[in-house]
Amino acid sequence: MELNTIIFTLEDDIATITFNRPNALNALSSELLKEFAQALDNLATNEAVRALILTGSGDKAFVAGADITELATFDALQGKVFAKAGHDVLGRLQALPFPVIAAVNGYSLGGGTEVALACDFIYASDNAMFGLPEIKLGLIPGFGGTQRLPRLIGKNMAKEMIFTGRMIAANEAQQIGLVNKVFPSESLMESVLQTAQEITRKGRVSLRAAKEAVNSGMDVDLATGCRMEIDAFALCIASEDAKEGTAAFLEKREAKFTGKLS
Ligand code: CO8
């Protein structure tokens, strides 16, 4: 598949998708959303992939939001189709059966922050700026920002960001729990890669179960979430990875996980 707006790479078992419209600060156009959706579909069934990193082309932006030149032409129906396409692709991103890290390397605005919010966690460069500025365009976030942001940083913090449309710097984003860690620009990708490698050395079955337990558990009451965890734990303990992990501990050696689902 020819890609015009994203770059896909796979090194060992870690995939990277780079949003690549540098002249528009990597803004999300309809074409980009289509290519991103297709890439995620391919990844979801690619057994060779154990983690995904998302980042932006250049050193100025991760993604500066949805493409405003396109937005400006939309009527209500086109707006709904575009918002739905964004929700679909971010739903697929969130549901990938392996960890996804956002490496936010500059402006992360509107749809850009919404993409990052659908990842498992965010690392940022020290020049990153986060915001949901849609209110300044007479809009509201349309790719999940009103839903995922309050779940991550709390209702009132999220409302302040959404109502003012203000940008916050990486350090403040870290203080409020939007970003896990901040790095100098030049070492961001290396640090993200190191964490991705640390994660991919763990068992595939347990990583998958942990991600699903956390994600599904956030949408239900505590008792239901705890029941989900019990079932997921039982599946893990029956796996070859768990037999290997516990045996390796007892034999005082490194575990060699195979990721087999039995
Ligand atoms: N869309 C299209 N083009 C963009 C965008 C964008 N979101 N952001 C930047 N660009 C373009 C600029 O127009 C400019 O193009 P050109 O060189 O041809 O004039 C180029 O990128 C460089 O940008 P600037 O010259 O503006 O660079 P600055 O360093 O001066 O400013 C900013 C950088 C602060 C990031 C500034 O570009 C900016 O404010 N961008 C817009 C940010 C924004 O408002 N984002 C939210 C968009 S709305 C959204 O994301 C909604 C998501 C849900 C949609 C639901 C659909 C219905």
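Both ligands and their constituent atoms are indexed starting at 1 by order of listing.
Between D12 and R50, no side-chain nitrogen of the basic residue sits less than 4.0 Å from a carboxylate oxygen of the acidic one, so the salt-bridge criterion is not met. A salt bridge is absent between E254 and R201; no separation between the charged side-chain nitrogens and carboxylate oxygens falls under 4.0 Å. Between D241 and K260 there is no salt bridge, since no side-chain nitrogen of the basic residue lies less than 4.0 Å from a carboxylate oxygen of the acidic one.
For the residue pair D67 and R21, the shortest heavy atom distance occurs at OD2-NH1, 2.8 Å. Nearest heavy atoms, I122 versus L117: CD1-N, 4.4 Å.
Close contacts of ligand 1 with L71, meaning ligand atoms under 4.0 Å from a residue heavy atom, involve 48 (S), 56 (C). The contact set between ligand 1 and F143, taken as ligand atoms under 4.0 Å from a residue heavy atom, comprises 53 (C), 54 (C), 55 (C). Close contacts of ligand 1 with G110, meaning ligand atoms under 4.0 Å from a residue heavy atom, involve 50 (O). Interface of G142 with ligand 1, defined as ligand atoms under 4.0 Å from a residue heavy atom, comprises 53 (C), 55 (C). Using a 4.0 Å cut-off to heavy atoms of E114, the atoms of ligand 1 that qualify are 52 (C), 53 (C). Residue L137 approaches ligand 1 through these ligand atoms, each under 4.0 Å from one of its heavy atoms: 44 (O), 47 (C), 48 (S).
In this structure a side-chain-to-backbone donor-acceptor pair under 3.5 Å is present from N105 to G56.
Counting only heavy atoms, the protein never gets under 4.0 Å from atom 36 (C) of ligand 1. There is a protein heavy atom closer than 4.0 angstrom to atom 1 (N) of ligand 1. The nearest protein heavy atom to atom 56 (C) of ligand 1 is closer than 4.0 Å. Contact annotation for atom 23 (O) of ligand 1: protein present (non-hydrogen atoms, distance under 4.0 Å). For atom 45 (N) of ligand 1, the nearest protein heavy atom lies under 4.0 Å away. Checking atom 26 (O) of ligand 1 against the protein gives no heavy-atom contact under 4.0 Å. By the definition of a contact as any protein heavy atom under 4.0 Å away, atom 12 (C) of ligand 1 is not in contact. Distance remark: protein heavy atom present below 4.0 angstrom from atom 7 (N) of ligand 1.
Residue-level proximity to ligand 1 for K80 is absent, since no heavy atom of it falls below 4.0 angstrom. The part of A27 lying near ligand 1 is the side chain, judged by heavy-atom distances below 4.0 Å. Here K136 has no heavy atoms under 4.0 Å from ligand 1, in either its backbone or its side chain. Contact annotation for P133 and ligand 1: only side-chain heavy atoms (C-beta onward) come within less than 4.0 Å of the ligand.
For atom 42 (C) of ligand 1, the closest non-hydrogen atom of the protein is A64 O, 3.4 Å. The protein heavy-atom contact nearest to atom 9 (C) of ligand 1 is L25 CD1, 3.8 Å. Looking at atom 51 (C) of ligand 1, its nearest protein heavy atom turns out to be E134 OE2, 3.3 Å. Shortest contact from atom 41 (C) of ligand 1 to any protein heavy atom: I68 CD1, 3.7 Å. For atom 38 (C) of ligand 1, the closest non-hydrogen atom on the protein side is L109 CD1, 4.6 Å.
E31 and T5 share no side-chain donor-acceptor pair at under 3.5 Å. Residues T113 and S108 bring a donor and an acceptor atom of their side chains to less than 3.5 Å of each other. Side-chain contact of S57 with N20: a donor-acceptor pair under 3.5 Å is present, judged by distance alone. Checking E70 against S30 by side-chain atom types alone, a donor-acceptor pair falls below 3.5 Å.
Summarising the local packing, CZ of R92 is surrounded by more than 12 heavy atoms from other residues, nucleotides or ligands at distances under 6.0 Å.
The side-chain heavy atoms of D59 and S185, taken from C-beta on, include no pair separated by under 4.5 Å.
At a 4.0 Å cut-off, at least one heavy atom of N23 sits close enough to ligand 1 to count as contact. Using a non-hydrogen distance threshold of 4.0 Å, K60 registers as a contact of ligand 1.
Considering backbone and side-chain N/O atoms, A66 comes within less than 3.5 Å of an N/O atom of ligand 1. At least one N or O atom of G111, backbone or side chain, sits closer than 3.5 Å to an N or O atom of ligand 1. Not a single N or O atom of F74, backbone or side chain, sits closer than 3.5 Å to an N or O atom of ligand 1.
A tilted orientation is assigned to the rings of Y123 and F183, their planes being inclined by 30° to 60°.
When the options G79, S29, A24 are ranked by their closest heavy atom to atom 5 (C) of ligand 1, first place goes to A24.
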Task: Check against ring-ring contact (aromatic ring centres under 6.0 Å, His included), F8 and F36 - done: CA-CA 10 Å; F8 176 81; F36 188 34; over 10 Å; no
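Cluster membership check: I6 shares its hydrophobic cluster with F62, using side-chain heavy-atom separations under 4.5 Å among Ile, Leu, Val, Met, Phe, Trp and Tyr. At a threshold of 4.5 Å between side-chain heavy atoms, the hydrophobic network of Ile, Leu, Val, Met, Phe, Trp and Tyr places F143 and L32 in one connected group. Hydrophobic clustering places L188 together with I53 (ILVMFWY residues linked when any side-chain heavy atoms are closer than 4.5 Å, directly or through intermediates).
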